[in-house]
Protein chains: 2
Amino acid sequence: MKAEILAVGTELLLGNIANTNAQFLSERLADLGFDVYRHTVVGDNGERLKKAFEEAFSRVDLIITTGGLGPTKDDLTKEIAFEFFNKKSVVHKETLDKIEAYFKKMNRPMVESNKKQAYFPEDVTILCNDFGTAPGCGIEENGKILIMLPGPPKEMKPMFENYGIPFLEKFSDCVLTSKILRVMGVGESKAEEMIHDIIDNQTNPTIAPYAKEGEMIFRITAKADTKEEGYKLIEPLETEIRNSLGIAVYAEGETTLENVVGELLVKKNLTISSAESCTGGLLAGTLINYPGISAVYKEGAITYTNESKVERLGVSEETLKEHGAVSRETAEEMAKGVALRSNTNIGISTTGIAGPGGGTKEKPVGLVYVGLYFNGEVKSKEFHLVGSREKIRITTVLRALEWIRREIIK
Amino acid sequence: MKAEILAVGTELLLGNIANTNAQFLSERLADLGFDVYRHTVVGDNGERLKKAFEEAFSRVDLIITTGGLGPTKDDLTKEIAFEFFNKKSVVHKETLDKIEAYFKKMNRPMVESNKKQAYFPEDVTILCNDFGTAPGCGIEENGKILIMLPGPPKEMKPMFENYGIPFLEKFSDCVLTSKILRVMGVGESKAEEMIHDIIDNQTNPTIAPYAKEGEMIFRITAKADTKEEGYKLIEPLETEIRNSLGIAVYAEGETTLENVVGELLVKKNLTISSAESCTGGLLAGTLINYPGISAVYKEGAITYTNESKVERLGVSEETLKEHGAVSRETAEEMAKGVALRSNTNIGISTTGIAGPGGGTKEKPVGLVYVGLYFNGEVKSKEFHLVGSREKIRITTVLRALEWIRREIIK
């Protein structure tokens with residue numbers, strides 16, 4: 001089925017925010033087998049919105065709107081849509097109760113205009129808003145389908161996932177089930193090559209690969225009569241992918257590498273300390289995103305100068321003189337030094353040339369060493385990274401975290 | 001004049017990337033006095049692209065396109081646009097030379113299809129691409145104006161700023177000149193209130209305020225016959241704003257707080273060290289974004305545990321027992337400790353409760369202390385921050401950097 005996404009909001013036309021909703025919905029619709037033909041953004045203007053509806057429905061059978069469901073006079077999406085479908089709204093008791101309960105819970109007074117959000121025609125499907133007051137809804141008539149979602153991504157995304165997709169499935173002869181596998185430590189083309197045959201030979205489930213910052217994501221989507229059957233279809237394919245990619249598959253679903261590493265450290269009760277030069281605190285700063293980290297992360301040293309590498313970590317002056325601060329030897333002494341001084345199971349270190357200046361022919365910008373001390377053993381890895389100063393530092397952090405993960409589970 | 005933005009690219013409809021170009025152009029067009037009526041995204045499909053042109057020009061007089069200027073068969077924007085305006089392309093020698101020189105510089109072979117990028121009708125204005133191979137262009141005919149820009153934001157933004165705006169100015173009876181002032185350390189509503197009268201009483205120049213993460217941006221735009229006159233019009237208004245907001249104005253134009261602080265530290269030759277608890281390396285990691293920082297940043301300690309605060313920074317056990325790790329006293333001892341041990345002019349420290357757990361009634365999530373040692377004197381500030389763990393940590397970093405800036409220039 002062909003689909004279009006219609007965002008409503010003057011703030012988008014003023015450039016106050018980017019239309020990230022369209023990106024999210026496009027990605028999900030592609031997974032679900034819909035072809036997105038167009039994105040449109042219009043302002044909070046009834047006439048222009050009405051035209052946009054008419055135009056889009058002349059091209060496709062499914063429109064998903066975002067925005068314009070709020071309580072103010074500017075919020076017109078529902079009114080215009082119901083007018084388009086020639087439907088009259090009445091108060092929806094259950095929704096009104098929910099909105100009242102929401103305001104009670106938030107300890108905020110409910111104003112009269114909030115009641116507007118509880119008005120819907122009787123024959124539409126109301127989509128719950130578990131994270132705000134504006135419910136969405138789904139309409140189907142004469143083969144035309146309209147789904148209206150709120151503008152804030154934090155409300156829109158869960159509404160679409162939990163209520164929008166099940167609504168869409170009604171117009172399909174099957175149920176769609178999907179699973180996300182996150183892959184780290186193999187390049188995009190390499191990962192696709194490794195599972196090339198699996199991708200090529202599949203029609204149901206399908207596999208959609210995406211490259212995100214420093215990682216690959218594979219979304220496996222199955223069509224079946226029930227969710228259960230869908231998972232059964234996904235299972236053998238998932239096993240096949242996992243067998244091909246091995247430990248490069250670092251997680252399932254929505255999470256981050258630092259959460260996975262943080263959880264592993266806590267689960268195995270492995271304490272950790274960090275010694276950073278080129279990443280300058282970014283490695284620790286990233287790991288500490290994981291809320292439970294204080295149980296295992298002890299301390300870190302940001303040793304930007306040679307003196308601090310010697311004084312804080314016990315890197316030998318000879319090593320620095322002979323091999324330089326950016327060297328395998330220094331990385332290893334840094335990792336060992338921080339672990340021994342902090343009395344932790346793991347010590348992780350970084351030293352490199354993030355640029356834009358400071359590179360030489362022997363040690364160019366992008367040359368980075370990561371050192372890893374792990375329960376008495378110390379190792380190092382050499383990386384040749386490309387991109388801006390920021391990119392090199394972020395990539396170093398990801399490579400270091402990924403190495404810790406692999407070392408723990410090995 | 002009414003305008004629309006038309007993005008071309010199947011990758012947008014698949015959700016691989018968000019249409020951030022439309023946000024950037026909308027913001028700039030609003031500053032320049034254009035009314036943006038619609039954003040549209042279509043795929044790399046000639047017929048649909050042609051329809052989109054026809055529709056948009058039936059509504060407005062200015063269209064800005066992004067994307068579809070590359071060398072491949074999929075890149076159709078120019079072809080379709082020239083067809084729409086009924087114009088024939090010929091090779092543009094100067095552009096071809098530039099593309100050839102670009103490939104030479106990048107040490108990459110130029111393929112035949114790259115020549116396609118040098119074909120333009122004779123009566124259009126070519127917009128240089130200083131950061132890639134695909135030039136843009138501007139067309140005006142019978143009151144309809146079309147500007148075509150490349151898709152990658154790094155190429156699109158400078159092309160629009162440096163060549164697109166001057167092209168647009170030709171169709172205006174005046175020249176637009178603008179200046180950006182960046183404001184930190186006053187809330188959005190407070191900042192707007194402070195210069196309320198200035199904003200209200202202005203028609204030329206105009207002032208557009210934006211709230212970005214942790215800062216306010218004021219763009220002053222003047223209409224005049226020449227750039228010079230424009231700056232003359234901006235000057236008294238800028239002085240008035242600077243007088244009202246004082247040192248809260250931290251910079252002009254495109255820059256970041258860490259760059260401003262980094263530059264100040266280097267200029268004044270003030271060395272600095274850091275001691276972080278709740279920000280866990282993020283403060284140093286942010287400051288080190290500034291490429292010249294190694295001249296002044298010596299080292300940092302990430303002291304997540306009480307023991308490390310005592311051992312690495314000399315925080316007294318009594319202080320920790322009596323006031324706790326999250327206290328004014330601990331923050332001050334951390335700042336002083338790191339500065340004295342690292343022998344730096346400045347020591348900056350953070351300690352707080354970033355959440356989501358760990359809060360109590362006395363010390364709730366969001367309570368943060370920043371300590372600052374500055375050439376022998378030590379002080380601290382208490383903050384009550386709101387938002388997620390990430391938000392609290394990022395805000396702490398900004399507040400700390402802002403304090404350093406104010407201390408240096410005072």
Side-chain angles (χ1 to χ4, degrees), chain A residues 7 12-20 22-30 35-43 48 52 55 210 274 276 279-289 291-294 297-305 307-308 312 342 354-358 389-390 393, chain B residues 7 12-20 22-30 35-43 48 52 55 210 274 276 279-289 291-294 297-305 307-308 312 342 354-358 389-390 393:
Chain A
L12 287 157
L13 295 182
L14 287 171
N16 297 337
I17 51 169
N19 189 10
T20 54
Q23 182 188 12
F24 170 83
L25 289 169
S26 293
E27 203 178 309
R28 294 299 286 127
L29 286 171
D35 295 315
V36 177
Y37 265 53
R38 205 187 261 234
H39 299 169
T40 305
V41 180
V42 293
R48 276 171 237 150
E55 288 167 23
Y210 307 100
S274 57
E276 302 179 59
T279 51
L282 207 62
L283 171 54
T286 304
L287 189 58
I288 290 168
N289 281 337
I293 200 71
S294 60
Y297 182 81
K298 296 299 167 201
E299 62 175 327
I302 303 162
T303 51
Y304 225 56
T305 58
E307 300 77 57
S308 61
R312 306 301 163 210
S342 312
R389 179 177 175 86
E390 201 191 348
R393 293 172 69 218
Chain B
L12 288 157
L13 296 181
L14 288 172
N16 297 338
I17 51 169
N19 189 8
T20 54
Q23 181 187 14
F24 170 83
L25 289 169
S26 292
E27 205 178 306
R28 294 301 284 127
L29 286 171
D35 296 314
V36 177
Y37 266 50
R38 205 187 261 233
H39 299 169
T40 305
V41 179
V42 293
R48 278 173 233 147
E55 288 166 23
Y210 307 100
S274 57
E276 303 179 59
T279 49
L282 207 60
L283 172 53
T286 304
L287 189 58
I288 291 168
N289 281 338
I293 200 69
S294 60
Y297 183 80
K298 296 299 168 202
E299 62 174 327
I302 303 163
T303 51
Y304 225 55
T305 59
E307 300 78 58
S308 62
R312 305 301 162 213
S342 312
R389 178 178 176 84
E390 200 191 350
R393 295 171 68 217

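Order of the sequence lines sets the chain letters (A, B, ...), proteins ahead of strands, with each chain counted from 1. Quick caveat: nothing in here was measured; it's all calculated off a predicted structure.
To the nearest 0.5 angstrom, Thr279(A) atom OG1 is 8.0 Å from Ile288(B) atom CD1. Within the model, atoms NE2 of His39(B) and CG of Asn19(A) stand 8.5 Å from one another, a figure rounded to the nearest 0.5 Å. For the atom pair Tyr304(B) OH and Ile293(A) CD1, the distance stands at 7.5 Å (nearest 0.5 Å). Atoms OG and CG, on Ser26(A) and Leu12(B) in that order, are 8.5 Å from each other to the nearest 0.5 Å. Here the straight-line distance linking atom CD of Glu276(B) with atom CD1 of Ile302(A) works out to 5.5 Å at 0.5 Å rounding. Note that the CD atom of Glu27(A) and the CD1 atom of Ile17(B) stand 12.0 Å from one another [nearest 0.5 Å].
For Glu55(B), the part lying near chain A is the side chain, with the backbone staying farther off; criterion is any non-hydrogen pair under 4.5 Å. Contacts of Ala52(B) with chain A are made by both backbone and side-chain atoms, with heavy-atom separations under 4.5 Å.
When Pro291(A), Ala7(A), Ser274(A), Gly292(A) are compared by the number of non-hydrogen pairs under 4.5 Å with chain B, Pro291(A) comes out ahead. Ranked by heavy-atom pairs shorter than 4.5 Å toward chain A, the options Leu13(B), Thr305(B), Thr286(B), Thr303(B) are led by Leu13(B). Among Gly15(B), Gly357(B), Gly355(B), the residue with the largest count of heavy-atom pairs under 4.5 Å with chain A is Gly15(B). Contact tally against chain A (heavy-atom pairs below 4.5 Å) for Gly281(B), Gly300(B), Pro356(B): the top residue is Gly300(B).
The shortest side-chain heavy-atom distance between Lys298(A) and Ser308(B) does not fall under the 4.5 Å cut-off.
With Arg38(B) contributing its side chain and Thr40(A) its backbone, the two residues share no donor-acceptor pair below 3.5 Å. For the pair Arg48(B) (side chain) and Tyr37(A) (backbone), a donor-acceptor distance under 3.5 Å is absent. Arg312(B) places no side-chain N or O within donor-acceptor distance of the main-chain N or O of Glu299(A), the cut-off being under 3.5 Å.
Here the closest heavy-atom approach between residue Arg393(B) and residue Asn289(A) is recorded as NH1-OD1, 2.7 Å.
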